[in-house]
There are 2 protein chains.
Amino acid sequence: MPNRFRPGEAELPQRETELIARRDAVLGASYRLQYRKPVHFVRGEGMWLYDPDNRAYLDFYNNVPSLGHCHPEVNAAMAEQAARLSANTRYLEPKLVDYAERLVGTFPAEMDRVVFTCTGSESNDLALRIARLVSGNEGVIVTSYAYHGTSAAVAAVSPNLGAAVNLSPTVRMVALPGPSGVPDDQAASFFEAQVRAAITDLQRRGIGVAALLFDSIFSSDGVWIDPPGFIAGAVEAVREAGGLVISDEVQPGFGRTGSHMWGFERHGIVPDLATLGKPMGNGFPIGAVVGRQHPMELFGQTARYSNTFAGNTVGIAAASAVLTVLQRDGILEKVVAVSRRLRTGLELVAAHSPGIRAIRNAGLFFGVDIGSDASSSMERRMLALDLVNAMRDDGVLISTTAANEDALKIRPPLVCEDEHVDKFLVVFEAALRKCTL
Amino acid sequence: MPNRFRPGEAELPQRETELIARRDAVLGASYRLQYRKPVHFVRGEGMWLYDPDNRAYLDFYNNVPSLGHCHPEVNAAMAEQAARLSANTRYLEPKLVDYAERLVGTFPAEMDRVVFTCTGSESNDLALRIARLVSGNEGVIVTSYAYHGTSAAVAAVSPNLGAAVNLSPTVRMVALPGPSGVPDDQAASFFEAQVRAAITDLQRRGIGVAALLFDSIFSSDGVWIDPPGFIAGAVEAVREAGGLVISDEVQPGFGRTGSHMWGFERHGIVPDLATLGKPMGNGFPIGAVVGRQHPMELFGQTARYSNTFAGNTVGIAAASAVLTVLQRDGILEKVVAVSRRLRTGLELVAAHSPGIRAIRNAGLFFGVDIGSDASSSMERRMLALDLVNAMRDDGVLISTTAANEDALKIRPPLVCEDEHVDKFLVVFEAALRKCTL
């Protein structure tokens with residue numbers, strides 16, 4: 001995480017210096033603060049976060065409150081349910097079933113079963129347990145800079161975590177066509193060949209293939225989403241080898257791409273399992289695994305799995321309100337429209353700036369490659385970091401991604417409107433002028 | 001889970017039959033309903049849960065809402081914070097730090113660092129990651145019927161999950177003195193000998209000892225808590241071998257034992273890490289690992305760990321309200337008093353019933369061994385199951401535990417009062433009269 005606070009790098013007001021000292025004295029050292037000068041928030045509303053001096057920051061980064069900060073309707077549903085009942089799933093309670101039916105109703109007909117969790121990490125951890133039990137194999141194939149979460153099993157298949165977190169001996173990484181410079185018309189065959197080689201290697205070692213696990217928007221790899229459908233051959237190859245296909249929808253799910261509710265739909269495939277998290281409850285900790293009947297039944301009938309908090313009625317009420325708003329207010333259509341405005345604006349900026357090499361997006365998830373073709377990878381990373389921090393100083397929140405962390409990660413709440421896009425573009429252009437190679 | 005619904009075993013009203021059919025058609029098969037006739041709730045308040053016909057059930061089982069169902073003060077704190085801000089831990093926000101300081105303030109001085117999670121499973125999973133990284137070893141020692149959660153890594157050290165969930169090759173189980181029939185004066189040396197043998201075995205195989213992981217109230221083993229301090233020698237042995245001591249406080253923590261805030265205190269030891277969950281937010285999904293500085297720092301500085309939802313301000317607000325109520329209202333003292341009343345009452349019942357072999361408790365966590373000395377293990381298990389279901393039919397909720405599931409698990413919210421105990425005892429005595437060997 002290059003975009004982080006490092007003591008001594010920037011001068012901070014006493015109020016923040018003291019709060020950081022208190023944090024450091026009580027929180028585990030794994031906690032990182034974002035930005036060279038950390039931000040300090042006490043209030044949120046819609047697209048905006050406010051610091052103690054009531055200075056407003058435009059949020060173009062947070063994908064958990066995808067309906068906006070402190071959404072009144074979601075909060076009312078949560079509060080009302082909390083006052084009535086927070087039941088667990090070992091008791092009959094109709095709202096759990098109502099929501100489960102509505103949720104699987106947004107998936108292809110083959111994916112008609114759901115198990116709830118509390119986090120995206122728990123979803124991916126459970127999906128791997130299901131895939132390993134159902135396939136009888138151990139091997140997992142992921143992309144080169146994949147990140148799938150924090151549990152031991154999931155961290156061990158997340159190369160993005162870096163050298164200090166040991167990878168599982170049973171995971172194989174495959175390169176994506178985009179960052180490898182493969183042209184679109186060869187992308188599918190390139191990716192399939194990578195995956196077939198990984199399958200062969202896993203089989204030669206007697207490990208076998210349990211799953212192909214991928215974020216269908218490839219966010220931590222740098223948002224490499226094109227061409228649509230490039231993963232189809234790889235999906236088939238994994239199925240032929242007896243493995244399951246797991247689409248990690250924690251980032252792209254619930255309409256982030258605008259064109260579809262679920263990222264895998266953009267690729268024209270139907271996975272065996274999909275894992276949900278972040279925006280599902282607009283902030284309430286809730287996730288899920290949605291899947292086909294066979295793996296879900298076989299796992300459930302064989303193994304014991306029970307998650308105390310997951311599916312509790314309060315989380316269900318929050319998630320249900322989120323789904324209602326998404327569907328009723330036509331959020332996906334709005335995402336398509338506003339993301340076009342943002343893309344056009346970024347392209348206009350790029351046309352006048354040598355600092356932008358490429359713009360990729362699916363709906364409101366943008367990856368913008370920073371640096372000129374002549375710049376070194378270190379220069380690119382530093383420029384991306386400078387830009388992110390210049391924008392933070394001007395009251396707009398984004399961060400970085402990609403293997404070299406030289407792509408801007410732009411990922412506003414889905415309720416982003418034209419006026420927010422225009423404000424973002426003004427600040428972005430100003431930051432580009434300030435920061436030079 | 002013997003205390004569960006099995007289709008066809010009991011006649012159910014149409015309303016419940018239909019709801020179960022809808023559940024089965026959409027939820028993964030891992031979901032289990034408790035009781036032969038599942039309960040169906042739509043409202044909760046304090047010690048009571050209400051079905052759609054407004055019939056009241058006395059809750060002597062749920063330890064998540066430990067301040068009672070739908071606690072108004074906790075809910076108000078949650079709703080108020082949700083309306084203001086749900087910040088993540090990468091931004092400065094004072095309430096996170098305030099609560100972290102208060103929480104570690106309830107621990108021995110050596111344990112002064114905290115990392116938040118969303119569930120007890122995530123807490124145990126993280127604690128194992130820390131122990132393995134810090135010790136450089138892989139082996140984990142647990143008790144014979146331990147249950148520590150649902151993630152892949154934690155399920156693999158949870159023998160309680162049964163044969164269908166593979167145990168890790170690096171886990172070793174040790175017998176507890178109580179269920180082995182060892183007298184109290186030999187309990188400590190017996191347990192230490194078990195643990196030393198496990199250490200030797202792990203070392204002989206080059207696995208080494210990463211951790212002794214134990215629920216300090218040994219709930220899934222059957223609530224074997226005496227004599228206090230019997231684990232001390234084992235703790236020393238593990239430390240000598242370079243392993244960490246992890247106290248799983250998901251069940252005993254936050255005052256369940258009455259005598260102490262944390263279960264390990266009852267044994268006079270200070271672990272390296274303690275894992276928290278269930279009652280921490282009175283229903284809001286929040287957990288934590290609290291630990292000594294050295295392992296927490298070493299892990300945090302080496303590995304990357306970031307948990308999106310964990311430590312979000314809304315969960316912190318709920319947890320903070322829980323801690324305030326626990327401390328301000330003298331809940332622990334009340335637990336001591338009311339648990340004495342319950343114990344005395346149970347002993348009186350036992351004196352007139354051949355169906356009770358033993359009563360064990362630490363505060364408001366009771367294990368009551370069912371069946372006469374002459375009964376078979378199958379007879380005991382069936383009697384325990386009959387009792388639990390007879391009480392459910394009479395409007396009181398408990399369940400079973402222990403290796404043979406022949407112990408009643410009695411675990412009311414901590415706000416249980418004399419009148420609830422008296423009601424419980426009346427229904428318990430009636431159930432004993434109805435159910436015979």
Side-chain angles (χ1 to χ4, degrees), chain A residues 16 19 22-23 26-34 38-44 64 70 75 79 82-87 89-94 97 100-101 104 113-115 118-119 125 128-129 150-153 161-162 164-165 278 283 285 296-297 300-305 307-309, chain B residues 16 19 22-23 26-34 38-44 64 70 75 79 82-87 89-94 97 100-101 104 113-115 118-119 125 128-129 150-153 161-162 164-165 278 283 285 296-297 300-305 307-309:
Chain A
E16 279 70 35
L19 192 52
R22 284 176 58 206
R23 260 177 76 108
V26 70
L27 297 186
S30 47
Y31 284 95
R32 306 273 186 272
L33 288 164
Q34 247 174 354
V39 283
H40 177 172
F41 296 128
V42 294
R43 190 164 68 82
V64 170
C70 304
N75 285 346
R84 196 180 302 157
L85 178 67
S86 176
T89 58
R90 287 182 174 174
Y91 302 151
L92 284 169
E93 194 287 320
V97 183
E101 291 172 345
V104 303
R113 292 290 192 280
V114 59
V115 172
C118 295
T119 68
D125 194 288
L128 287 183
R129 286 187 65 191
T150 65
S151 76
L161 288 172
V165 177
K278 294 194 194 292
M296 300 292 268
E297 293 290 293
Q301 283 159 4
T302 310
R304 261 176 61 197
Y305 179 88
N307 186 319
T308 301
F309 294 139
Chain B
E16 279 70 35
L19 191 52
R22 284 177 58 206
R23 260 178 76 107
V26 69
L27 297 186
S30 47
Y31 284 95
R32 306 274 186 270
L33 288 164
Q34 246 175 354
V39 283
H40 177 173
F41 295 128
V42 293
R43 190 164 68 83
V64 170
C70 304
N75 285 346
R84 195 179 302 156
L85 178 69
S86 176
T89 57
R90 288 182 173 173
Y91 302 151
L92 284 170
E93 194 288 319
V97 183
E101 289 171 348
V104 304
R113 292 289 191 281
V114 59
V115 172
C118 295
T119 70
D125 193 288
L128 288 183
R129 285 187 66 189
T150 65
S151 77
L161 287 173
V165 178
K278 293 192 194 295
M296 299 292 269
E297 294 288 295
Q301 284 158 4
T302 310
R304 261 176 62 197
Y305 179 87
N307 186 320
T308 301
F309 294 140

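Treat the numbers as computed from the prediction; the structure is a model and nothing was measured. Letters go in sequence order (proteins before strands), and every chain restarts at 1.
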Per-residue contact mode, B/V114 against chain A (heavy atom under 4.5 angstrom): both
Region of B/V64 in contact with chain A, defined by heavy-atom distances below 4.5 Å: side chain
From OG (A/S151) to CG (B/L128), nearest 0.5 Å: 11.5 Å
A/L33 and B/Y91, any side-chain heavy atoms less than 4.5 Å apart: no
Choice from A/P38, A/C70, A/A164 maximising heavy atom contacts with chain B below 4.5 Å: A/C70
Shortest non-hydrogen separation from B/D125 to A/T150 and the atoms involved: OD1-O, 4.5 Å
Smallest separation among heavy atoms of B/P94 and A/H40, with atom names: CD-NE2, 3.6 Å
Contact summary for A/A82 and B/N75, nearest pair of heavy atoms: O-ND2, 2.8 Å
Worked check of side chain to side chain contact (heavy atoms under 4.5 Å, CB included) between A/R90 and B/V39: CA-CA 8 Å; A/R90 287 182 174 174; B/V39 283; over 6 Å; no
Heavy-atom closest pair, residues B/L85 and A/G44: CD1-N, 3.8 Å
Check against side chain to side chain contact (heavy atoms under 4.5 Å, CB included), B/T308 and A/K278: CA-CA 8 Å; B/T308 301; A/K278 294 194 194 292; 2.5 Å; yes
Winner by heavy-atom pair count (cut-off under 4.5 Å) against chain A, out of B/L161, B/V165, B/N307: B/L161
Chain B contacts, top residue of A/E297, A/R84, A/E16, A/Q301 (heavy-atom pairs, under 4.5 Å): A/R84
Approximate separation, where rounding is to 0.5 Å, of A/L92 CG and B/Q34 CD: 11.5 Å
From A/M296 atom CE to B/S30 atom OG, the distance as rounded to the nearest 0.5 Å: 7.0 Å
Least distance between heavy atoms, B/E93 atom then A/F41 atom: CG-O, 3.6 Å
When A/A87, A/A100, A/A153 are compared by non-hydrogen pairs under 4.5 Å with chain B, the top option: A/A100
Side chain to side chain, B/R23 and A/V97, heavy atoms closer than 4.5 Å: yes
Side chain, backbone, both or neither of B/A303 within contact of chain A (heavy atoms, under 4.5 Å): both
Side chain / backbone / both / neither for B/R129 at chain A, heavy atoms under 4.5 Å: side chain
